[in-house]
There are 2 protein chains.
Amino acid sequence: MGVPLYQAKAEFFKTLGHPARIRILELLSERDHAVHELLEKIAIEPSNLSQQLAVLRRTSLVVSHRHGGEVIYSVSVPEVRDLLVAARQILTGLINIAPDTEARPGEGPGTAVKARAAAR
Amino acid sequence: MGVPLYQAKAEFFKTLGHPARIRILELLSERDHAVHELLEKIAIEPSNLSQQLAVLRRTSLVVSHRHGGEVIYSVSVPEVRDLLVAARQILTGLINIAPDTEARPGEGPGTAVKARAAAR
DNA sequence: ACATGAGTTGCAGAGTTCTTCAAGTTGTGT
DNA sequence: ACACAACTTGAAGAACTCTGCAACTCATGT
């Protein structure tokens, strides 16, 4: 066997580890979008969007096809949606648990996740 | 709530985007482990392991406590396990869809994703 | 043929993350 | 008190990712 599964998993999560890419997947799991439509809803440079789409294409999470002047993107694996939902649940759970300090449930309400995210 | 959820999600996935950290979470979701036990099962430098554990601690995905001479780690959010399972399913699904398919039916399926992972 | 809108690609500088080394802490046994 | 095992921390260089710019392709309208 060539590559350990845990390594493939890490690669996969890395692909999801970018705000724009999350945004794209969320939008695409509602419905297909042309690039210029994504552009309206996500505030980044066209070339940047294109780069992020390329990342998602490389991992086959999305596929694209031309339709006249536009390029339409769709998710190729519908289960991605479930994954995003699962993530959101863990995340909201974490926010009420995260003691920024140390291992001690019952301690002050954590802001570790919030704070870190806010810091960027 | 100052932080867009999609950004927190990206942060969260970034945390999962490392082979050692995936490995750690997999082991910990079976049962609690002392650091030296993790060390036996994951082949990395002690200090590196410690760094990765620190990353997981910071996001509150795991918690630690001392027990005599050892430090015991446990997952603090059991749902993480579901997430890892979901990822594995998407991943195995992807392997049969991936683009540059030098896949040979009969043997370990598609290598597009795997190969990419191997290339790092 | 030309101009224009829609996307993509290559690239370089800025910014992050990874890994390892050396040094430090904490608890146990002698 | 000392040595030793079990961990953690800080720091630094290598490796990688991100972003925006300029240049390019491709299809449509004039």
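So that the names make sense, note that chain A is the first sequence line, chain B the second, and so on, each numbered from 1.
How far OG of Ser29(B) is from CG of Leu61(B): 11.5 Å, rounded to the nearest 0.5 Å. Between the NE2 atom of His65(B) and the OG atom of Ser74(B) there is a distance of 5.0 Å, given to the nearest 0.5 Å.
Under a hydrophobic-cluster definition in which Ile, Leu, Val, Met, Phe, Trp and Tyr are linked whenever side-chain heavy atoms come within less than 4.5 Å, directly or via other members, Leu39(A) and Tyr6(B) are assigned to the same cluster. Placement of Ile24(B) and Leu5(A) within a single hydrophobic cluster is found when ILVMFWY residues are connected by side-chain heavy-atom separations under 4.5 Å, directly or transitively.
Take Ala34(A) and apply the side chain to side chain contact (heavy atoms under 4.5 Å, CB included) test, not counting sequence neighbours, and it matches His36(A), Glu37(A), Glu70(A), Ile72(A). Under the rule for a side chain to side chain donor-acceptor pair (under 3.5 Å), the partners of Tyr73(A) that lie at least two apart in sequence or sit in another chain are Arg57(A).
Nucleotide dC18(C) holds its C1' atom 14 Å from the CD atom of Gln7(A), rounded to whole Å. Going from atom CG of Leu53(B) over to atom P of dT8(D) covers 6 Å, rounded to whole Å. In this entry the distance linking CD of Glu40(B) with C1' of dA6(D) reads 12 Å, nearest Å. Separating the CD1 atom of Ile72(B) from the P atom of dG27(C) is a distance of 14 Å, rounded to the nearest angstrom. Rounded to whole Å, the distance from NZ on Lys14(A) to C1' on dC18(D) is 14 Å. The distance between atom CD of Glu70(B) and atom C1' of dA5(D), rounded to the nearest whole Å, is 11 Å. One interatomic measurement links the two molecules: CD of Glu11(B) to P of dT16(C), which rounds to 11 Å at whole-angstrom precision. Distance His65(B) NE2 to dG27(C) P: 14 Å, rounded to the nearest Å.
Residues from residues 16-25 of chain B lying near DNA chain D, meaning a heavy-atom separation below 4.0 Å, are absent. Applying a 4.0 Å cut-off to non-hydrogen atoms, none of the residues of residues 27-34 of chain A approaches DNA chain D. Only Glu45(B), Ser47(B), Asn48(B), Gln51(B), Gln52(B), listed by number, bring a heavy atom of residues 41-52 of chain B to less than 4.0 angstrom from any atom of DNA chain C.
The residues Glu26(B) and Lys9(A) are annotated as salt-bridged, a charged nitrogen and a carboxylate oxygen being separated by less than 4.0 angstrom.
In the displayed structure, His67(A) atom NE2 is contacted under 6.0 Å by at most 12 heavy atoms of other residues, nucleotides or ligands.
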B/S/- along nucleotides 24-30 of chain D (protein heavy atoms under 4.0 Å) is --BSS--
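Taking the side chain as every heavy atom from C-beta outward, Phe13(B) and Leu84(A) approach each other to under 4.5 Å.
OP1 or OP2 of dT8(D) has at least one side-chain nitrogen or oxygen of Tyr73(B) nearer than 4.0 Å. For dT8(C), the OP1/OP2 oxygens have no side-chain nitrogen or oxygen of Arg58(A) closer than 4.0 Å.
Side-chain N/O atoms of Lys41(B) and His33(B) include a donor and acceptor closer than 3.5 Å.
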Distance-only donor-acceptor pairs under 3.5 Å for side chains of residues 87-95 of chain A, two or more places apart:
| from | atom 1 | to | atom 2 | distance (Å) |
| --- | --- | --- | --- | --- |
| Thr92(A) | OG1 | Arg88(A) | O | 3.0 |
| Thr92(A) | OG1 | Gln89(A) | O | 3.0 |

Less than 3.5 Å apart, which donor and acceptor atoms pair up between the side chains of residues 42-56 of chain B and the rest of the protein, not counting sequence neighbours?
| from | atom 1 | to | atom 2 | distance (Å) |
| --- | --- | --- | --- | --- |
| Asn48(B) | OD1 | Gln52(B) | NE2 | 2.9 |
| Gln52(B) | OE1 | Arg21(B) | NH1 | 2.7 |

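At least one donor-acceptor pair closer than 3.5 Å links the side chain of Ser76(B) to the backbone N or O of Ser60(B).
A side-chain contact (heavy atoms from CB on, under 4.5 Å) with Leu25(A) is found for exactly one of Val77(A), Val75(A), Leu83(A), namely Val75(A).
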